[in-house]
Amino acid sequence: MKITIGAINDKPGSSKNYKTGSWRTLKPVINLEKCKKCWLCKQLCPEGCITKKEEGPQINYDYCKGCGICAHECTFDAIIMELEER
Amino acid sequence: MTEEKELFACGHRACAGCSEPIAVRMILEEAGPNTIGTICTGCLEVVSTGWPETAWEIPLIHAAFENSASVASGVEVALRQLGRDDTHVIAFAGDGGTFDIGLQALSGMLERGHKILYVCLDNEAYMNTGIQRCSSTPLGTSTTTSPAGTYSIGEDRQKKPIGAICAAHCIPYTATATIAYPQDLKKKVRKALAVNGPSFLHVLVPCPTGWRFSSEETVELARLAVETGIFVLWELEGGNLQNIKVTKKPKTWRPVEDYLKQQGRYKHLFKPKKRQDVIEKIQQDVDQKLIELGITKET
């Protein structure tokens with residue numbers, strides 16, 4: 001691997017190349033009927049892998065580590081953690 | 001629906017349930033893309049900047065353990081010389097890089113009056129090297145270098161009052177915040193970036209690995225720390241500690257036991273024998289601190 005001068009990394013956000021989703025043992029699943037779109041889950045997700053969509057929050061499972069914060073903090077119990085099956 | 005660009009990207013290697021990325025995302029959301037960051041050795045650096053990748057979408061300089069503040073000072077002076085007054089400079093550091101190793105550089109930065117926001121992400125020990133105690137570790141905490149045992153209650157010293165130390169430099173803005181209160185944290189970042197001079201933000205970031213709790217309880221622990229009075233959210237303009245404004249007062253203050261018993265690092269206070277004396281000491285310290293802050297406790 002070529003090291004740049006001063007070890008300058010010129011690829012911002014390149015950590016996206018690494019898919020942390022494989023760390024997961026539990027998988028959050030959103031029940032959009034219960035969701036009130038308060039976006040608390042988006043705010044409190046350590047991975048920043050929950051995005052705002054018209055129909056509600058959407059989780060990017062490529063990066064979700066399955067920590068469970070979104071399900072634990074959801075005021076409306078709209079997120080449940082399921083056992084990950086691969 | 002428009003999607004704002006995340007300035008701290010997915011794919012970083014923080015433990016599941018780590019609260020540092022949550023804090024950083026909130027801070028960067030408020031600061032915006034016109035920001036230059038500096039970072040010193042610590043969890044945040046290890047998880048976000050593994051060569052050849054980086055999770056940061058803002059220009060970031062990685063400094064040595066002690067000098068996040070010094071490097072930020074240089075960046076700030078250079079920006080001022082270039083006439084770019086609208087660019088924010090934020091120095092990130094962990095508790096080790098602030099309380100212990102970087103205190104001298106931080107003090108210098110505050111004294112010289114650079115327009116920098118210094119953010120201390122405090123997880124109360126050296127977590128990425130294996131949970132060694134540091135001067136931000138609270139009394140009664142079991143770490144790998146202050147282990148609890150028959151003759152030891154764990155850490156036997158108080159946490160260093162870093163907020164008061166920084167405020168004593170008579171800087172324009174000092175505040176504490178935590179991830180459980182996003183609006184409070186963001187408001188403080190906004191205020192800190194608006195002042196003309198140095199500001200210090202002390203953010204409590206619960207650590208599932210080092211505090212030994214389940215990963216989903218991160219935000220709950222941060223909230224408990226505030227509701228029990230272990231970590232008081234306040235802000236201060238200027239150097240007079242009498243002017244401290246407490247920004248979050250829970251309706252009822254919970255006993256510290258509620259906070260302690262949720263964490264494996266305090267397990268020795270409950271099993272095999274309940275150490276009521278230590279728990280009471282921690283409670284007394286909290287009560288004393290609240291009285292000093294002028295808070296009357298109603299239960």
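Excluded from the calculations below are hydrogen atoms, water molecules and symmetry mates; all remaining heavy atoms, backbone and side chain alike, are included. A quick note: this is a predicted structure, and the numbers were derived from the prediction, not measured. All chains are named by letter (A, B, ...) in the order of the sequence lines, taking the proteins before the strands, and each is independently numbered beginning at 1.
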With a 4.5 angstrom heavy-atom cut-off, is it the side chain or the backbone of [X] that approaches chain A, or both, or neither?
{"X": "E220(B)", "answer": "both"}
{"X": "P182(B)", "answer": "side chain"}
{"X": "C10(B)", "answer": "both"}

So does [X] pair up with [Y], basic N to acidic O under 4.0 Å?
{"X": "K188(B)", "Y": "E235(B)", "value": "no"}
{"X": "E227(B)", "Y": "R254(B)", "value": "yes"}
{"X": "R13(B)", "Y": "E53(B)", "value": "yes"}

Exercise. Would you say the ring centroid of W56(B) lies under 6.0 angstrom from that of F92(B)?
Worked result: yes
For this session: Keeping the roles fixed (side chain from E20(B), backbone from L44(B)), state whether a donor-acceptor pair exists under 3.5 Å.
Result: yes
Problem set entry | N/O donor-acceptor pair under 3.5 Å between K65(A) side chain and A14(B) backbone | yes
Exercise. Of the listed residues (L7(B), I61(B), I22(B)), which shares the most heavy-atom pairs with chain A below a 4.5 Å separation?
Worked result: I22(B)
For [X], which atoms come within 4.5 Å of any heavy atom of chain B: side chain, backbone, both, or neither?
{"X": "E73(A)", "answer": "side chain"}
{"X": "K11(A)", "answer": "backbone"}
{"X": "Y63(A)", "answer": "side chain"}
{"X": "I3(A)", "answer": "both"}

Exercise. When you check the side-chain N and O atoms of T54(B) and T49(B), is any donor under 3.5 Å from an acceptor?
Worked result: no
Exercise. For chain B, which of A71(A), G66(A), A7(A), C49(A) has the most heavy-atom pairs under 4.5 Å?
Worked result: A7(A)
